[in-house]
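Notes to accompany the following structure.
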4 protein chains.
Amino acid sequence: MTPSPAGRGRPRDERSHAAITQAAAELIVESGYAAMSIGAVAARAGVGKDTIYRRWSGKPELVYEAVFTAADTTDLPDTGTLEGDLTTVVQSLIEEFSQPEAAAAIPGLLADFAADPELRATIRSRFLQPAKERLIEVFDRAGQRGETGAEVPVDLVLDTLAGAVFFHLGIIGEQPGPDLARRLAAMIAKGIEVR
Amino acid sequence: MTPSPAGRGRPRDERSHAAITQAAAELIVESGYAAMSIGAVAARAGVGKDTIYRRWSGKPELVYEAVFTAADTTDLPDTGTLEGDLTTVVQSLIEEFSQPEAAAAIPGLLADFAADPELRATIRSRFLQPAKERLIEVFDRAGQRGETGAEVPVDLVLDTLAGAVFFHLGIIGEQPGPDLARRLAAMIAKGIEVR
Amino acid sequence: MTPSPAGRGRPRDERSHAAITQAAAELIVESGYAAMSIGAVAARAGVGKDTIYRRWSGKPELVYEAVFTAADTTDLPDTGTLEGDLTTVVQSLIEEFSQPEAAAAIPGLLADFAADPELRATIRSRFLQPAKERLIEVFDRAGQRGETGAEVPVDLVLDTLAGAVFFHLGIIGEQPGPDLARRLAAMIAKGIEVR
Amino acid sequence: MTPSPAGRGRPRDERSHAAITQAAAELIVESGYAAMSIGAVAARAGVGKDTIYRRWSGKPELVYEAVFTAADTTDLPDTGTLEGDLTTVVQSLIEEFSQPEAAAAIPGLLADFAADPELRATIRSRFLQPAKERLIEVFDRAGQRGETGAEVPVDLVLDTLAGAVFFHLGIIGEQPGPDLARRLAAMIAKGIEVR
DNA sequence: AAATAATCGAGACGGTACGTCAGGTCTTAAA
DNA sequence: TTTAAGACCTGACGTACCGTCTCGATTATTT
């Protein structure tokens with residue numbers, strides 16, 4: 001998002017910002033990502049198109065902010081086992097990405113990000129940075145317990161978990177079974193545990 | 001692809017078919033999925049737009065056929081271990097999906113398929129059916145060796161592997177390191193082995 | 001209409017000819033000239049498009065034959081006055097051109113004929129030759145009665161009458177009042193009579 | 001032509017308007033009415049198609065404005081006789097409709113107007129209202145001179161004159177002989193004079 | 001009888017235009 | 001300087017027709 005420039009002239013209306021992201025979120029759910037147009041967002045938000053382009057560079061950026069805003073503030077309880085902790089992480093990934101707006105936005109959003117060379121590299125950080133931090137914490141605990149060795153392939157695990165979750169939610173469109181998180185975490189935990 | 005109807009009238013020209021799929025494959029690599037238009041494909045193939053719409057219902061169907069045609073006929077050698085067999089499977093997934101056309105097409109293609117309710121369910125079969133058959137064979141062997149138990153979560157493994165591979169190739173855009181297949185297969189194999 | 005060539009090969013099916021002209025006449029009334037397509041005529045006649053193009057060079061030629069076929073065989077009674085005779089001529093013009101197919105076809109037909117340099121010159125003969133012969137007869141009689149002089153501007157009168165009738169029927173779309181023929185004939189007759 | 005709505009937003013660019021009508025007029029002369037496409041007009045005018053559709057509902061409306069804009073401001077001299085006055089009226093009709101753009105446009109334009117039920121009724125007013133006003137003035141003078149009676153069939157005369165002129169110019173495509181106006185006016189004047 | 005040839009219905013073919021829509025930029029008057 | 005409004009150019013969409021062509025099948029004439 002482009003920050004508001006120097007304090008000359010009329011300041012930006014913050015209410016517009018909220019109206020736009022809300023309108024975008026609604027339209028994604030109603031129409032889907034591809035059918036959602038900037039013009040429609042502007043009309044529903046009661047805003048000019050320029051007001052949107054002044055703040056975001058295009059549809060992907062707008063949708064990303066409109067959909068993935070809720071900071072994941074859930075705390076990460078220590079369940080006592082790597083498998084338990086991983087289950088918690090996967091569960092929160094699933095919860096975040098199975099919101100209706102997220103499910104509707106993810107495939108198109110990933111496609112647009114992937115098509116733009118400048119943005120490809122940022123996907124992992126934009127979508128997965130919070131999860132990565134949690135994973136690191138989980139592996140720290142597991143290392144202290146002796147469940148894992150020194151070298152844990154955090155990125156491999158992260159991409160695998162995220163890939164599986166995205167694949168289910170965004171692409172297959174399957175409502176994730178209640179034990180997907182558990183089964184997935186169990187498999188991965190077992191796969192990287194020491195003995 | 002719409003099959004040619006009953007044998008009445010002028011038959012469809014197979015050379016047009018080939019020219020169209022080739023032009024589509026070229027343009028995907030040159031322009032990317034989103035920027036590739038049916039009109040441009042028609043122009044390059046020296047064909048009218050109707051000739052394309054007569055055979056395919058839209059861009060996703062055309063691109064799918066243009067990109068994913070090569071039947072995967074590689075045989076599946078018995079490496080003697082579940083981990084080795086899985087590595088082979090993952091490696092062939094990576095090879096298939098890292099062709100330039102495939103890498104350029106996958107994100108947009110998955111997005112378009114996912115956006116169409118009628119096609120969501122077909123993704124797994126269209127993209128992954130061959131891999132699933134190979135997986136079943138691999139797990140059969142592993143079961144006979146005693147590496148796995150009776151109940152192997154084939155779909156979970158398949159979606160996880162495919163998710164990880166798609167995530168790397170299509171979304172992150174990373175050229176898969178030479179040992180991604182090995183590391184991924186090792187993790188999953190260990191995760192589902194019996195002790 | 002293209003005549004059937006030498007007697008080799010399968011002869012043209014005369015029933016197709018009739019089916020085509022009938023379908024064309026129906027479609028002109030139902031859809032109007034511009035919206036009537038050759039493909040639709042072929043479909044309704046149960047005929048291939050080539051069967052039409054083999055006989056007519058295009059829509060204007062086909063429609064002309066489909067609509068203006070009825071030879072005007074009404075005899076031309078001697079009413080005893082130029083005005084009366086002219087009224088009869090105008091009346092038959094109106095009757096011919098106010099058939100529903102004719103009224104629907106005329107504006108577009110004239111436009112297509114006028115747009116083709118080769119056909120411009122033929123309009124007068126194609127549409128008006130019968131009327132011109134009648135006019136000449138009418139003026140012969142009038143000359144013998146002494147109503148007109150030696151030099152009667154036949155073409156001027158013809159174009160004027162036809163222009164007025166076409167203008168009313170084809171362009172204004174007005175159902176011609178029952179006395180249009182009488183009033184028009186009276187005006188023209190008086191305009192060219194000697195004293 | 002659709003009027004620009006309330007004074008909000010960016011006003012329509014009058015230069016686009018002029019560029020469009022000029023391009024349309026040129027293309028009509030070069031290609032003819034039927035072969036002139038909206039897309040070609042837009043391209044030549046350096047304008048998007050939307051900019052045309054925003055102002056006109058279709059080709060007929062655009063062409064009408066592009067071709068028949070020149071207000072006929074010639075004054076109508078009193079020649080002293082009905083025949084002379086009528087000659088002037090017919091002459092100006094001929095001059096207006098024998099401009100190259102008008103001659104090229106009229107047949108197709110009349111066909112399109114006639115095909116649209118909503119526009120049929122407007123033809124007389126759109127094309128002929130100025131001429132009608134002149135005719136009425138001419139007949140006023142003639143009545144005061146005693147050349148005509150109280151009841152003059154203005155519409156009949158108008159349609160007859162216009163029909164004859166359109167028929168010659170637009171349909172036959174004949175360059176009007178220098179004395180067509182004189183002969184036509186003489187015939188009609190004589191036809192409606194009182195004795 | 002066999003060969004030749006034109007026609008038949010069907011529908012695919014390369015083109016062209018349609019009228020609509022979205023993208024992203026711009027120009028206005030008002031705030 | 002931002003705002004809402006909306007015009008602007010570009011370019012793609014999917015559809016409809018155009019007039020031609022290519023099929024297998026049919027129906028005639030010519031050998």
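Throughout, a chain's letter reflects where its sequence line sits, starting with A, and its residues are numbered from 1. Everything numeric in this text was worked out from a predicted model, so none of it was measured.
Minimum interatomic distance between A:Ile20 and A:Ile52 (heavy atoms only, all atoms of both residues): CD1-CG1, 3.8 Å. The two residues C:Ser31 and C:Met36 have their closest heavy-atom pair at CB-N, 4.5 Å.
Contact annotation: D:Arg55 reaches the phosphate of F:dC8 (side-chain N/O to OP1 or OP2, under 4.0 Å). Side-chain N/O atoms of B:Arg8 include none lying less than 4.0 angstrom from OP1 or OP2 on F:dC23. Of the side-chain N and O atoms in B:Ser16, one or more sit less than 4.0 angstrom from OP1 or OP2 of E:dG14. Here A:Thr51 reaches the OP1 or OP2 of F:dA4: one of its side-chain N or O atoms lies under 4.0 Å away.
Here E:dC13 presents its P atom at 16 Å from NZ of B:Lys49, a figure rounded to the nearest Å. For D:Ile52 and E:dT20, the CD1 to P distance is 13 Å, given to the nearest whole Å. Put simply, CZ on D:Arg54 is 16 Å from P on F:dA5, counting in whole angstrom units. What separates CZ of D:Arg15 from P of F:dC8 is a distance of 10 Å, to the nearest Å. Following rounding to the nearest Å, A:Glu61 (CD) and E:dG23 (C1') show an atom-to-atom distance of 16 Å. Per the geometry, OH belonging to C:Tyr53 stands 17 Å off P belonging to E:dT7, to the nearest Å. Going from atom CZ of D:Arg12 over to atom P of F:dA7 covers 5 Å, rounded to whole Å. Nucleotide E:dC21 holds its P atom 18 Å from the CD1 atom of A:Ile38, rounded to whole Å.
Here A:Asp50 lies in heavy-atom contact (under 4.0 Å) with a base. Note on C:Gly58: nothing from the nucleic acid sits closer than 4.0 angstrom, heavy atoms only.
Comparing D:Val47 and B:Ala40 by the nucleotide of DNA chain F that holds the closest heavy atom to each, the one mapping nearer the 5' end is D:Val47. Each of D:Gly39 and B:Gly46 was matched to the nucleotide of DNA chain E holding its nearest heavy atom; the match closer to the 5' end belongs to B:Gly46.
Under the 4.5 Å side-chain criterion, counting only non-hydrogen atoms from C-beta, D:Ile38 is not in contact with D:Trp56.
Counting atom types as modelled, B:Arg10 pairs no side-chain N or O with a base atom of E:dC13 as donor and acceptor under 3.5 Å.
By the 30° and 60° cut-offs, the orientation of the rings of A:Phe127 relative to A:Phe68 is perpendicular.
The side-chain tip of D:Arg126 does not point at the ring of D:Phe113 from less than 6.0 angstrom away and within 45° of straight on.
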